[in-house]
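I have placed the structure first, in the form of structure tokens, so that the comments after it can refer back to it.
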Amino acid sequence: MSEPTGKYSITMPRDIAEAARARSGPSGLSAYVAAAVARQIERDNLNELIAVAEAEHGAITDEEIQALRDQLHQAHQEQTRGGADAA
């Protein structure tokens with residue numbers, strides 16, 4: 001069951017609105033904008049979580065970030081290879 005909807009009026013630059021309309025496809029502009037706003041809310045929530053964690057444990061270093069990126073990249077490669085082996 002989908003969430004109830006409401007009708008809102010927003011203002012945005014015309015070029016952004018037209019680009020969004022061109023990309024929105026069959027689901028329409030409203031669904032496209034709703035998905036974009038939902039992603040932004042997720043990012044905002046994640047940034048708040050990071051701020052709380054850094055306040056408690058200290059800032060994350062560039063080296064730690066790179067190490068995690070390397071781990072994610074390796075896991076993705078292993079998953080891709082595993083999927084190809086299973087086929």
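Keep in mind it's a predicted model, so treat the numbers as computed, not measured.
Considering every non-hydrogen atom in both E54 and I60, the closest pair reads OE2-N, 3.2 Å. The two residues L29 and A20 come nearest to each other via the heavy atoms CD1-CB, 3.7 Å.
Put simply, the side chain of E56 never gets that close to the backbone of A53: no donor and acceptor are under 3.5 Å apart.
A continuous path of hydrophobic side-chain contacts links M12 to V37 [ILVMFWY only; heavy atoms under 4.5 Å]. Under a hydrophobic clustering in which Ile, Leu, Val, Met, Phe, Trp and Tyr are joined whenever their side-chain heavy atoms come within less than 4.5 Å, directly or via other members, I16 and V33 fall into the same cluster. In this structure, I41 is a member of the same hydrophobic cluster as I10, with clusters built from ILVMFWY side-chain heavy atoms closer than 4.5 Å.
Rounded to the nearest 0.5 angstrom, N47 CG and Q40 CD are separated by 8.0 Å. Summarising the geometry, atom CZ belonging to R43 is positioned 9.5 Å from atom CD1 belonging to I50; distances are rounded to the nearest 0.5 Å.
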Step by step, work out the side-chain contact (heavy atoms from CB on, under 4.5 Å) result for Q66 and D62. CA-CA 6 Å; Q66 188 58 50; D62 290 340; over 6 Å; no
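Checking each of E78, Q77, H76 against Q74 for a side-chain hydrogen bond (donor to acceptor under 3.5 Å, both in side chains) leaves exactly one that passes, namely E78.
In this structure, the side chains of D70 and H73 stay at 4.5 Å or more apart for every pair of heavy atoms.
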